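Read through the structure below, which is laid out as structure tokens, and then see the notes.
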Number of protein chains: 2
Amino acid sequence: MESMNLNDLLRNGNLKSTRHRIAILKILKESKLPLSAEDIFIRLRKDNVVISLSTVYRVLEILHDKEIVVRVSIPDDSRAVYELCGNEHHHHLLCIKCRKILPVEGCPLEEYEKLLEDRFGFTVKGHSLEVYGYCESCAGIK
Amino acid sequence: MESMNLNDLLRNGNLKSTRHRIAILKILKESKLPLSAEDIFIRLRKDNVVISLSTVYRVLEILHDKEIVVRVSIPDDSRAVYELCGNEHHHHLLCIKCRKILPVEGCPLEEYEKLLEDRFGFTVKGHSLEVYGYCESCAGIK
DNA sequence: ATACGTGCAAACAATTTGCACTAAG
DNA sequence: CTTAGTGCAAATTGTTTGCACGTAT
């Protein structure tokens, strides 16, 4: 699973392996930050991949359905952004001022999820957690 | 602050106290779940409050600017939903199947936020945390 | 009296869809 | 060959805005 290449990822979800899908997965794999459909579209163009924006949306949707990518929602931003699930679990610090996104490895929620399962009989499948505030450089200025 | 009534809340943010704003705050105060602009619009209609949807949006935006309400974003839902800040800090369990939202009091993140401040020099102002999975009734069926 | 609030219709941005064509298995 | 993928343009959804009028302070 960890060592799975991009083709396998697609086959594993019963998805045909196409040039476009591979290119999108490659971009997501190489990005340290979550990307929006349009971010990806622009990067594809730079790589001379001719594609339509709606295809990017369709691919992201299907990858999301197959749980190959996660959709992340950034507070006060109307665009959805996406990350490869393979890139291991982490969260983000969002600077309110400069809008920078800082990935933070690890997750403080394992215990909490167990507690929710015990206390509410809720079967946790995942969570979304984004922390916002002022990054180091903006903290002084505010 | 806790005992503040709706008029005071508005005045406190230098906002004029109008019939519409009071009505919106009242609905938010009485709701145990976060509501979208349209949810609020519909409830207002039921209460025979004649208002335009754009006013609802404008009021929510300004209440959000003044930090009188929080905007909550539900994974895989494109609509923004809102809650009164007064209703104390809590999180939500979202059922993937029946789409029910279950509020959960308390917050597991105090320590984590301190750690972020120490380790990254990041000044935390808030966070958004939603946990999704299957609620007790849906867990069996999946 | 003045600045702020509101309705309405029109504009917008992000995303989705229908349909004819193309390519992967 | 058959099913699934794609481009394009048009449609939809959620939200925002301009402007003329109304209302709280």
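Because the structure is a prediction, the values reported are computed rather than measured. Naming: A, B, ... by sequence-line order, numbering from 1 per chain. What's counted below: heavy atoms across the whole structure, side chains too, no hydrogens, waters or symmetry copies.
- Side chain A:Arg19 to base D:dG5: no donor-acceptor pair is found below 3.5 Å.
- For B:Tyr57, whose side chain is taken as the heavy atoms from C-beta onward, the closest listed nucleotide among D:dG7, C:dG7, D:dG14 is D:dG14.
- Rounded to whole Å, atom C1' of C:dA14 lies 13 Å from atom CD of A:Glu61.
- To the nearest 0.5 angstrom, A:Arg11 atom CZ is 7.0 Å from A:Asp8 atom CG.
- Nucleic acid contact for A:Val50: sugar-phosphate only, since backbone atoms but no base atoms lie under 4.0 Å from a heavy atom of the residue.
- The shortest distance between the side-chain N/O atoms of B:Thr18 and the OP1/OP2 oxygens of C:dG5 is not below 4.0 Å.
- Rounded to an integer number of Å, the gap from A:Leu10 CG to D:dG5 P is 10 Å.
- Nucleic acid contact for A:Ser36: none, since no nucleic acid atom lies under 4.0 Å from a heavy atom of the residue.
- The nearest heavy atom of DNA chain D to A:Ile51 and to B:Arg11 marks one nucleotide each, and the one closer to the 5' end goes with A:Ile51.
- Residue B:Val81 is out of contact with every strand shown, counting any heavy-atom pair closer than 4.0 Å.
- Under 4.0 angstrom from either OP1 or OP2 of D:dT16 there lies no side-chain N or O belonging to B:Ser54.
- Distances shorter than 4.0 Å separate some side-chain N or O of B:His20 from OP1 or OP2 on C:dT6.
- A donor-acceptor contact shorter than 3.5 Å links the side chain of A:His20 to the backbone of A:Val50.
- Hydrophobic clustering (ILVMFWY, side-chain heavy atoms < 4.5 Å, transitive): A:Val49 and A:Leu53 are in one cluster.
- A:Leu35 approaches A:Ile27 most closely through the heavy-atom pair CD1-CG2, 3.6 Å.
- For the pair A:Leu44 CG and D:dG7 P, the interatomic distance rounds to 10 Å; values are reported in whole Å.
- Between the CG atom of B:Asp77 and the C1' atom of D:dT13 there is a distance of 11 Å, rounded to whole Å.
- If you check every strand for non-hydrogen atoms under 4.0 Å, A:Ala37 touches nothing.
- From B:Ser36, atom OG reaches atom CD1 of B:Ile42 across 7.0 Å, with rounding to the nearest 0.5 Å.
- The interatomic distance linking A:Arg79 (CZ) with C:dT15 (C1') rounds to 13 Å, in whole Å.
- The CD1-C1' distance, from A:Ile62 to C:dT17, rounds to 15 Å in whole Å.
- Which of C:dA14, D:dG5, D:dC8 sits closest to the side chain of A:Ser52 comes down to D:dC8.
- Atom-to-atom, CG of B:Asp39 to P of D:dT13 comes out at 16 Å; the value is rounded to the nearest Å.
- For A:Arg58 against C:dG18, a side-chain N or O and a base N or O form a donor-acceptor pair under 3.5 Å.
- Distance, B:Lys16 NZ to C:dT2 P: 13 Å, rounded to whole Å.
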